[in-house]
Undergrad: 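Take a look at this one; I'll ask things after.
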Amino acid sequence: MVSMKEIAAACGVSVATVSKALSDHHDIGEKTKQYVRETADQMGYLPNLSARYLKTNRSYNLGVLFEDAARSGLTHDFFSGVLENLKITAESRGYDITFLNTTSPDMSYVERAQYRGFDGVAIACSDFSDPKVQELLHSSVRVVTVDYIADNRTAVVSDNIDGMTQLMNYILTQGHRRIAYIHGDEGRVTRQRLVSYYCCMEEHGESVREEYIKPALYRNRELAYEKTEELLSQNEPPTCILYPDDVAAFGGMNAIRARGLRVPEDISVAGYDGIRALQYSEPTLTTIRQDMESLGKLAAESLIAEIERPMLTAPTIHTVRSALLEGQTVRKLH
């Protein structure tokens with residue numbers, strides 16, 4: 001096994017410098033850190049985790065709660081993208097990732113986190129109405145949430161108001177006025193997007209037709225299909241339909257095509273999330289791309305900051321901006 005002394009000799013620095021570089025101390029320059037770490041990797045150095053734990057009183061293991069009410073889990077394109085970037089960032093800082101999910105009725109999330117010795121927990125996808133999740137949020141366990149704001153906890157969220165504003169302004173400038181919105185289930189995200197929808201319509205001097213507002217669920221193709229059918233059956237159907245996410249948008253387009261209509265020639269559609277895999281469809285979907293990379297990275301960095309520098313880190317809400325992908329599913333009317 002390669003020792004720090006051998007790494008120090010190879011780098012031409014002291015053992016203390018190697019130790020500080022591998023521990024990410026702030027009094028070592030970034031170039032030196034990088035050089036020492038690269039040399040250590042090349043030499044096959046493996047840290048003594050037991051000694052590391054005794055010295056720092058940390059397990060260097062982060063829990064991730066990733067389980068929503070629909071049990072979509074890792075098939076949830078948006079949150080799985082966030083999780084991948086959270087994992088990459090945490091591992092680059094020397095932390096391992098372990099799922100916190102438990103089906104045991106006798107052990108709560110708090111008990112599981114304490115049993116596994118997690119330094120902290122990131123909640124990247126969950127049913128926040130679950131009493132076990134609420135217990136975790138109000139416990140002494142360090143927690144960072146993604147796309148949910150809890151009292152006295154750091155949160156990393158997308159700017160849903162700005163995202164919907166970008167999307168609505170684009171559609172309105174394309175000449176659409178009869179714009180329907182099939183929105184997701186109730187919650188902060190849905191409420192923000194709805195408010196933005198109403199505000200944009202008002203700012204453009206347009207009244208909202210309440211029959212164009214349809215409640216549904218996120219990532220539910222079948223319900224999106226059903227609600228699209230209802231909209232298309234109206235005496236004066238909309239010229240454009242917004243969906244709560246890209247998966248639902250494809251369910252809606254199936255309903256449109258089943259009627260022999262074309263997208264966007266006969267009716268325009270737009271999604272939300274910017275799932276990369278769905279951007280290879282024909283025509284390419286007009287949508288808002290949420291910055292999954294920044295969300296995941298910020299979640300990991302924020303949680304690690306609370307672990308390593310607790311007295312210098314206060315609960316903060318980090319808001320990440322999204323970007324419009326114009327795509328080809330919104331037709332210009334004039």
Undergrad: Quick check: is Met253 connected to Ile241 through a chain of hydrophobic side chains (ILVMFWY, heavy atoms under 4.5 Å apart)?
TA: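 In one cluster with Ile241: Met253, yes.
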Undergrad: Test side chain to side chain contact (heavy atoms under 4.5 Å, CB included) on Lys214 and His183 and set out the steps.
TA: CA-CA 6 Å; Lys214 299 287 184 180; His183 61 76; over 6 Å; no
Undergrad: Mind running salt bridge (charged side-chain N to carboxylate O under 4.0 Å, His left out) on Asp162 and Arg321 for me, showing each step along the way?
TA: CA-CA 7 Å; Asp162 176 72; Arg321 198 166 188 263; 3.0 Å; yes
Undergrad: I'd like to check the ring pair (Phe, Tyr, Trp, His ring centres under 6.0 Å) partners of Phe128; sequence neighbours left out, ordered by chain and number.
TA: Tyr148
Undergrad: Who are the side-chain contact (heavy atoms from CB on, under 4.5 Å) partners of Leu324, not counting sequence neighbours?
TA: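 Here the qualifying residues are Gln166, Leu167, Tyr170, Ile288, Glu326.
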Undergrad: Any chance CG of Asp41 has more than 12 other-residue heavy atoms, nucleotides or ligands included, within less than 6.0 Å?
TA: yes
Undergrad: Tracing side-chain links under 4.5 Å among I, L, V, M, F, W and Y, which residues wind up in one group with Tyr115?
TA: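 Taking Ile, Leu, Val, Met, Phe, Trp and Tyr as members, Tyr115 stands alone, with no cluster partners.
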Undergrad: Test question: given the 4.5 Å side-chain rule for I, L, V, M, F, W and Y, name all other residues clustered with Ile149, or answer none.
TA: Val157, Ile317
Undergrad: Who pairs with Arg209 by salt bridge (charged side-chain N to carboxylate O under 4.0 Å, His left out), at least two apart in sequence or on another chain?
TA: Glu236
Undergrad: Using a cut-off of 6.0 Å, state whether more than 12 heavy atoms not belonging to Lys332 lie near its atom NZ.
TA: yes
Undergrad: List the residues meeting side chain to side chain donor-acceptor pair (under 3.5 Å) with Tyr272, not counting sequence neighbours, and say none if there are none.
TA: none
Undergrad: Hydrogens and angles aside, do Thr154 and His318 bring a side-chain donor and acceptor to less than 3.5 Å of each other?
TA: no
Undergrad: Quick check: is Leu100 connected to Val141 through a chain of hydrophobic side chains (ILVMFWY, heavy atoms under 4.5 Å apart)?
TA: yes
Undergrad: Side chains of Pro264 and Val330: does their closest heavy-atom pair fall under 4.5 Å?
TA: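 In short, these two side chains do not touch, never coming nearer than 4.5 Å.
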Undergrad: Passes side chain to side chain contact (heavy atoms under 4.5 Å, CB included), Thr284 versus Thr329? Steps please.
TA: CA-CA 7 Å; Thr284 56; Thr329 56; over 6 Å; no
Undergrad: Rounded to the nearest 0.5 Å, what's the gap from CZ on Phe250 to OH on Tyr225? Could you check?
TA: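 Those atoms lie 15.5 Å apart.
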Undergrad: Would Leu172 and His176 count as a side chain to side chain contact (heavy atoms under 4.5 Å, CB included) if you check the C-alpha gap in whole Å, the side-chain angles of each, and the deciding distance to 0.1 Å?
TA: CA-CA 5 Å; Leu172 285 158; His176 293 271; 5.9 Å; no
Undergrad: Please indicate whether Gln328 has more than 12 foreign heavy atoms, meaning atoms of other residues, nucleotides or ligands, lying under 6.0 Å from its CD.
TA: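 Enclosed: over 12 neighbouring heavy atoms sit under 6.0 Å from CD of Gln328.
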Undergrad: State the CZ-CG distance between Arg262 and Asp266, to the nearest 0.5 angstrom.
TA: 4.5 Å
Undergrad: Evaluate the criterion salt bridge (charged side-chain N to carboxylate O under 4.0 Å, His left out) for residue pair Glu301 and Arg93; output intermediate values, then yes/no.
TA: CA-CA 9 Å; Glu301 289 177 341; Arg93 297 286 299 273; 5.6 Å; no
Undergrad: Should the heavy atoms of other residues, nucleotides or ligands under 6.0 Å from CZ of Arg191 be counted, would the total exceed 12?
TA: no
Undergrad: From Asn220 CG over to Glu226 CD, what is the distance, rounded to the nearest 0.5 angstrom?
TA: 9.0 Å
Undergrad: Side-chain heavy atoms nearer than 4.5 Å, only ILVMFWY residues, links allowed to pass through others: does that put Val144 and Met292 together?
TA: yes
Undergrad: Going by the rule ring pair (Phe, Tyr, Trp, His ring centres under 6.0 Å), which residues pair with Tyr197 if we only count those two or more places apart in sequence or in a different chain?
TA: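 Listed in chain order: Tyr181.
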Undergrad: Could you give me the CA-CA distance, side-chain angles and deciding distance for Lys297 and Glu293, then say whether salt bridge (charged side-chain N to carboxylate O under 4.0 Å, His left out) is met?
TA: CA-CA 6 Å; Lys297 182 179 179 182; Glu293 293 84 356; over 6 Å; no
Undergrad: With a 3.5 Å cut-off and no angle check, do the side chains of Ser158 and Asn160 form a donor-acceptor pair?
TA: no
Undergrad: Which residues pass the side-chain contact (heavy atoms from CB on, under 4.5 Å) test with Thr17, sequence neighbours left out?
TA: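 Once residues adjacent in sequence are excluded, the partners of Thr17 under the side-chain contact (heavy atoms from CB on, under 4.5 Å) criterion are Val13, Ser14, Ile28, Thr32.
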Undergrad: Minimum heavy-atom separation for Ala248 and Tyr243, please, with both atom names.
TA: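 Residues Ala248 and Tyr243, closest heavy atoms: O-CD2, 3.7 Å.
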Undergrad: Going from CE on Met43 to SG on Cys11, what distance comes out if it is rounded to the nearest 0.5 angstrom?
TA: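 Answer for the CE-SG pair, Met43 versus Cys11, is 7.5 Å.
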Undergrad: After noting the C-alpha distance and the side-chain angles of Glu206 and Arg177, does the key distance pass the salt bridge (charged side-chain N to carboxylate O under 4.0 Å, His left out) rule?
TA: CA-CA 7 Å; Glu206 302 295 330; Arg177 293 299 179 267; 3.0 Å; yes
Undergrad: Before you tell me yes or no, could you show the steps for Thr190 and Tyr218 under side chain to side chain donor-acceptor pair (under 3.5 Å), namely the whole-Å CA-CA distance, both residues' side-chain angles and the distance that decides it to 0.1 Å?
TA: CA-CA 10 Å; Thr190 296; Tyr218 287 103; 2.6 Å; yes
Undergrad: Who passes salt bridge (charged side-chain N to carboxylate O under 4.0 Å, His left out) against Arg116, sequence neighbours left out?
TA: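 Arg116 satisfies salt bridge (charged side-chain N to carboxylate O under 4.0 Å, His left out) with no other residue.
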Undergrad: Nearest 0.5 Å, please: how far is CG in Asp119 from CZ in Arg142?
TA: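 Answer for the CZ-CG pair, Arg142 versus Asp119, is 7.5 Å.
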Undergrad: Is a salt bridge present between Lys33 and Glu30, judged by a nitrogen-to-oxygen distance below 4.0 Å?
TA: yes
Undergrad: Tell me, please, which residues at least two apart from Tyr212 pass ring pair (Phe, Tyr, Trp, His ring centres under 6.0 Å).
TA: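 In terms of ring pair (Phe, Tyr, Trp, His ring centres under 6.0 Å), with neighbours along the sequence ignored, Tyr212 is linked to no residue.
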Undergrad: If Ile, Leu, Val, Met, Phe, Trp and Tyr residues are connected whenever their side-chain heavy atoms lie under 4.5 Å apart, and connections chain through other members, are Phe79 and Ile97 in the same group?
TA: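 In one cluster with Phe79: Ile97, yes.
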Undergrad: For Arg153, enumerate each residue passing the salt bridge (charged side-chain N to carboxylate O under 4.0 Å, His left out) test, keeping only those at least two apart in sequence or located in another chain.
TA: none
Undergrad: Return the minimal non-hydrogen interatomic distance between Leu303 and Ala122, and the atom names on each side.
TA: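 Reported closest heavy-atom pair: CD2-N, 3.8 Å.
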Undergrad: If you round to the nearest 0.5 Å, how far is CD1 of Ile182 from CG of Leu223?
TA: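 The CG atom of Leu223 sits 8.0 Å away from the CD1 atom of Ile182.
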Undergrad: Can you name the side chain to side chain donor-acceptor pair (under 3.5 Å) partners of Glu38, sequence neighbours left out?
TA: Gln34
Undergrad: Is it possible for you to say whether Val269 and Leu333 belong to one hydrophobic cluster, with membership spreading through side-chain heavy-atom contacts below 4.5 Å?
TA: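 Val269 and Leu333: separate clusters.
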Undergrad: Under 3.5 Å, side chain of Glu111 to main-chain N/O of Ser108, donor-acceptor pair present?
TA: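 A pair under 3.5 Å: yes.
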Undergrad: Quick one: closest heavy-atom pair of Ile161 and Ser196, and the distance?
TA: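 What the structure gives for the nearest pair is O-OG, 3.0 Å.
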Undergrad: Begin with the C-alpha distance, continue with both residues' side-chain angles, and end with the deciding distance and a verdict on side chain to side chain contact (heavy atoms under 4.5 Å, CB included) for Phe66 and Val146.
TA: CA-CA 10 Å; Phe66 195 81; Val146 177; over 6 Å; no
